[in-house]
Chemist: 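Sharing a structure with you now.
Keep in mind the model is a prediction, meaning the values are calculated, not measured. Counting from 1, the numbers follow the sequence of the chain as shown.
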Amino acid sequence: MTAGLPDPAGFPNCPVCAYRITGTARLCSDCAGRTLQPVAEFHCPVCSQAVEPGRQCGNRVCALPEGERGFSRVDAVAMYSGALRDKIHKLKYGGRSGWALIFGRLLVGWMDSHPEQMRGVDHVVGNPAHVGRQPIQHIEAIMNAAYTEDVTRAYPLSPPGAHRLVKDAETPRSANRTLDEKRAAAAAHAAALTWTGDTGDIKGATVLLVDDVFTSGSQLQHVARRLRATGAADVRGLVLARVPWSG
């Protein structure tokens, strides 16, 4: 840091950091990168799961043709472990909205540092939580923060209150369910989504779909296929955290 200025507190000490309010996306992203578990150097080019050199990814979704898989690739800010896992839970299930600000910065910081992956993206949208979700619509909160942190308007994010992809109805949750139940829940979730406004602007577009975590990819697959059916030419994923693949 510049002489005379305090050092960042480090993730997950963000609530007591001197830059909690004034920090930039790049500052917070670089700071968090010192403690978050990174995506492995050798990883699946489709789902970002760690793989040994010369080995194929064990995720069956990755072996599907892209048209059937729905998404072309998914990138992750970090792996789902330790403090990041805990703070995602604090936001998602505890309603600790301050973490949405931090996660929004981490997303924009990732975009800033990965221009190749952002090239050609026409829409950056969140995989929505349903209207009325309690204690918080966490994805919308994160996307609102990301829009605010993108101070130069470098990315095609929707302003707060004008999200392009919305979910008006609650559907069954997939947590602690069987594999078949998880797939059914993913299909129901995708079916409940609506692309708002002019559907003409999704025709032939590249959509970056943002979510908090990625496990098997079943939900991302169903949402991506729904977006492609609406007219998108390419759907990519970006998540805060990649859950280690357990097979």
Chemist: List the atom of Ala78, the atom of Leu36, and the distance in Å for their closest heavy-atom pair.
Modeler: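 Heavy atoms only, the tightest pair is CB-CB, 3.8 Å.
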Chemist: Would you please test Phe11 and Trp99 for ring pair (Phe, Tyr, Trp, His ring centres under 6.0 Å) and show each step?
Modeler: CA-CA 11 Å; Phe11 189 90; Trp99 288 106; 5.7 Å; yes
Chemist: Please find the pair of heavy atoms, one from Glu41 and one from His43, that lie closest to each other, and give the distance.
Modeler: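 Scanning both residues completely, I find the closest heavy atoms to be O-ND1, 3.5 Å.
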Chemist: Side chains of Val46 and Phe71: closer than 4.5 Å at any heavy-atom pair?
Modeler: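 The answer is yes, as the side chains (C-beta and beyond) meet within the 4.5 Å cut-off.
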Chemist: Would you say that Leu107 contacts Leu240 through its side chain, given a criterion of any heavy-atom pair below 4.5 Å between the two side chains?
Modeler: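 Heavy-atom side-chain distance check passes, below 4.5 Å.
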Chemist: Treat each ILVMFWY residue as a node, draw an edge where side-chain heavy atoms are under 4.5 Å apart, and state whether Val39 and Val243 are in one component.
Modeler: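 Val39 does not cluster with Val243.
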Chemist: Nearest 0.5 Å, what's the OG-CZ distance between Ser81 and Arg242?
Modeler: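 Output value for this atom pair is 13.0 Å.
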Chemist: Show the nearest heavy-atom pair for residues Val207 and Ala232, with the distance to one decimal.
Modeler: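 Heavy atoms of Val207 and Ala232 come nearest at CG2-CB, 4.1 Å.
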Chemist: Any side-chain heavy atom of Leu165 within less than 4.5 Å of one from Thr194?
Modeler: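 Side-chain contact under 4.5 Å: no.
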Chemist: Quick check against the 3.5 Å criterion: does Arg73 have a side-chain atom that pairs as donor or acceptor with the backbone of Gln117?
Modeler: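 Such a contact is absent between Arg73 side chain and Gln117 backbone.
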Chemist: Give me the atom names and distance for the closest heavy-atom approach of Pro160 to Asn144.
Modeler: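 What the structure gives for the nearest pair is CA-OD1, 3.2 Å.
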Chemist: In terms of hydrophobic clustering (I, L, V, M, F, W, Y; side-chain heavy atoms under 4.5 Å; direct or indirect links), are Leu209 and Val121 co-clustered?
Modeler: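 As far as the 4.5 Å side-chain criterion goes, Val121 and Leu209 are not connected within one cluster.
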Chemist: Applying the side-chain contact (heavy atoms from CB on, under 4.5 Å) test to Met143, which of Gln137, His163, His138 qualifies?
Modeler: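 By the side-chain contact (heavy atoms from CB on, under 4.5 Å) criterion, Met143 pairs with just one of Gln137, His163, His138: His163.
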Chemist: State, with a plain yes or no, whether a side-chain heavy atom of Gln49 is found less than 4.5 Å away from one of Phe214.
Modeler: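 Gln49 does not reach Phe214 side chain to side chain.
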Chemist: Taking atom types as modelled and ignoring hydrogens, do the side chains of Thr178 and Glu181 form a donor-acceptor contact shorter than 3.5 angstrom?
Modeler: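 There is such a pair between these side chains.
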Chemist: With no hydrogens and no angle check, do the side chains of Asp112 and Tyr155 hold a donor and an acceptor under 3.5 Å apart?
Modeler: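 Yes, because at least one side-chain N or O of Asp112 sits under 3.5 Å from a partner of the opposite role on Tyr155.
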Chemist: Do Val125 and Leu208 have side chains that get closer than 4.5 Å, going by heavy atoms?
Modeler: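 Not in contact.
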Chemist: Locate the shortest heavy-atom distance separating Leu84 from Ala241; write the atom from each residue and the value.
Modeler: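 Heavy-atom minimum between the residues: CD2-CB, 3.8 Å.
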Chemist: State yes or no: do Val124 and Val213 share one hydrophobic cluster built from I, L, V, M, F, W and Y residues joined by side-chain heavy-atom distances below 4.5 Å, directly or via other members?
Modeler: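 Yes, Val124 connects to Val213 through the hydrophobic network.
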Chemist: Is the count of non-hydrogen atoms from other residues, nucleotides or ligands lying under 6.0 Å from Arg228 atom CZ greater than 12?
Modeler: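 Yes, the 6.0 Å shell around CZ holds more than 12 heavy atoms from other groups.
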Chemist: Are Leu238 and Leu227 connected into the same hydrophobic cluster when the rule is that any two of I, L, V, M, F, W, Y join if their side-chain heavy atoms are below 4.5 Å apart?
Modeler: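 No, Leu227 and Leu238 fall in different hydrophobic clusters.
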Chemist: Yes or no on side chain to side chain contact (heavy atoms under 4.5 Å, CB included) for Arg153 and Tyr147, after CA distance, side-chain angles and deciding distance?
Modeler: CA-CA 8 Å; Arg153 298 290 171 260; Tyr147 179 87; 3.1 Å; yes
Chemist: Any chance the side chains of Ser72 and Glu66 put a donor and an acceptor closer than 3.5 Å?
Modeler: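 No, because no side-chain N or O of Ser72 sits under 3.5 Å from a partner of the opposite role on Glu66.
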Chemist: Is there side-chain contact between Val239 and Val74, with heavy atoms separated by less than 4.5 Å?
Modeler: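 Counting from C-beta outward, Val239 and Val74 do come under 4.5 Å.
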Chemist: Does Asp180 come within less than 4.0 Å of Lys182, counting only side-chain N to carboxylate O?
Modeler: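 Salt bridge: no.
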Chemist: Which heavy atom of Gly10 sits nearest a heavy atom of Cys31, and at what distance?
Modeler: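 Heavy atoms only, the tightest pair is CA-SG, 3.3 Å.
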Chemist: Set out, in order, the CA-CA distance, both residues' side-chain angles and the distance that settles side chain to side chain contact (heavy atoms under 4.5 Å, CB included) for Tyr19 and Leu5, then state yes or no.
Modeler: CA-CA 10 Å; Tyr19 304 98; Leu5 294 177; 3.6 Å; yes
Chemist: Considering only distance and modelled atom types, tabulate donor-acceptor pairs under 3.5 Å from the side chains of residues 197-205, sequence neighbours left out.
Modeler:
residue	atom	partner	partner atom	Å
Asp198	OD1	Gly200	N	2.8
Asp201	OD1	Arg164	NH2	3.3
Asp201	OD1	Trp195	NE1	3.2
Asp201	OD2	Arg164	NH1	2.7
Asp201	OD2	Arg164	NH2	3.1
Lys203	NZ	Thr230	O	2.9

Chemist: Between atom OG of Ser48 and atom CG of Asn59, what is the distance when rounded to the nearest 0.5 Å?
Modeler: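 One gets 11.0 Å once the value is rounded to the nearest 0.5 Å.
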Chemist: Test your reading of the model: is there a side-chain donor-acceptor pair from Gln221 to the backbone of Ala186, 3.5 Å cut-off?
Modeler: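 No, the answer is negative, given that no donor and acceptor are paired below the 3.5 Å cut-off.
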Chemist: Any chance you could measure Met79, atom CE, to Arg85, atom CZ, to the nearest 0.5 Å?
Modeler: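 One finds 11.0 Å between CE of Met79 and CZ of Arg85.
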Chemist: For the atom pair CD (Gln37) and OG1 (Thr35), what is the distance rounded to the nearest 0.5 Å?
Modeler: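 Going from the CD atom of Gln37 to the OG1 atom of Thr35 covers 11.5 Å.
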Chemist: Which residue in the set Arg226, Lys167, His130, His222 passes side-chain contact (heavy atoms from CB on, under 4.5 Å) when paired with His189?
Modeler: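 Option passing the side-chain contact (heavy atoms from CB on, under 4.5 Å) with His189: Lys167.
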Chemist: Working to the nearest 0.5 Å, report the span between CZ of Arg60 and SG of Cys47.
Modeler: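 One finds 12.5 Å between CZ of Arg60 and SG of Cys47.
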Chemist: Using side-chain heavy atoms (C-beta onward) and a distance below 4.5 Å, is Leu91 in contact with Ile142?
Modeler: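 Side chain of Leu91 against side chain of Ile142, heavy atoms only: contact under 4.5 Å found.
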Chemist: For Arg96, is the CZ atom crowded, meaning more than 12 foreign heavy atoms sit under 6.0 Å from it?
Modeler: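 Result for CZ/Arg96: open.
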Chemist: Check the pair Leu220 / Asn127 against side chain to side chain contact (heavy atoms under 4.5 Å, CB included), numbers first and verdict last.
Modeler: CA-CA 8 Å; Leu220 181 61; Asn127 182 18; over 6 Å; no
Chemist: Can you check whether Pro135 reaches Arg133 side chain to side chain, under 4.5 Å on heavy atoms?
Modeler: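 Result yes, sub-4.5 Å side-chain heavy-atom pair found.
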Chemist: Apply side chain to side chain contact (heavy atoms under 4.5 Å, CB included) to the pair Asp75 and His114, showing each step before the final yes or no.
Modeler: CA-CA 10 Å; Asp75 291 292; His114 293 81; over 6 Å; no
Chemist: If you measure from CZ on Arg105 to OG1 on Thr148, what distance do you get to the nearest 0.5 Å?
Modeler: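 Nearest 0.5 Å value for the CZ-OG1 distance: 10.0 Å.
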Chemist: Can you hop from Leu193 to Ile139 via hydrophobic side chains spaced under 4.5 Å?
Modeler: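 In one cluster with Leu193: Ile139, no.
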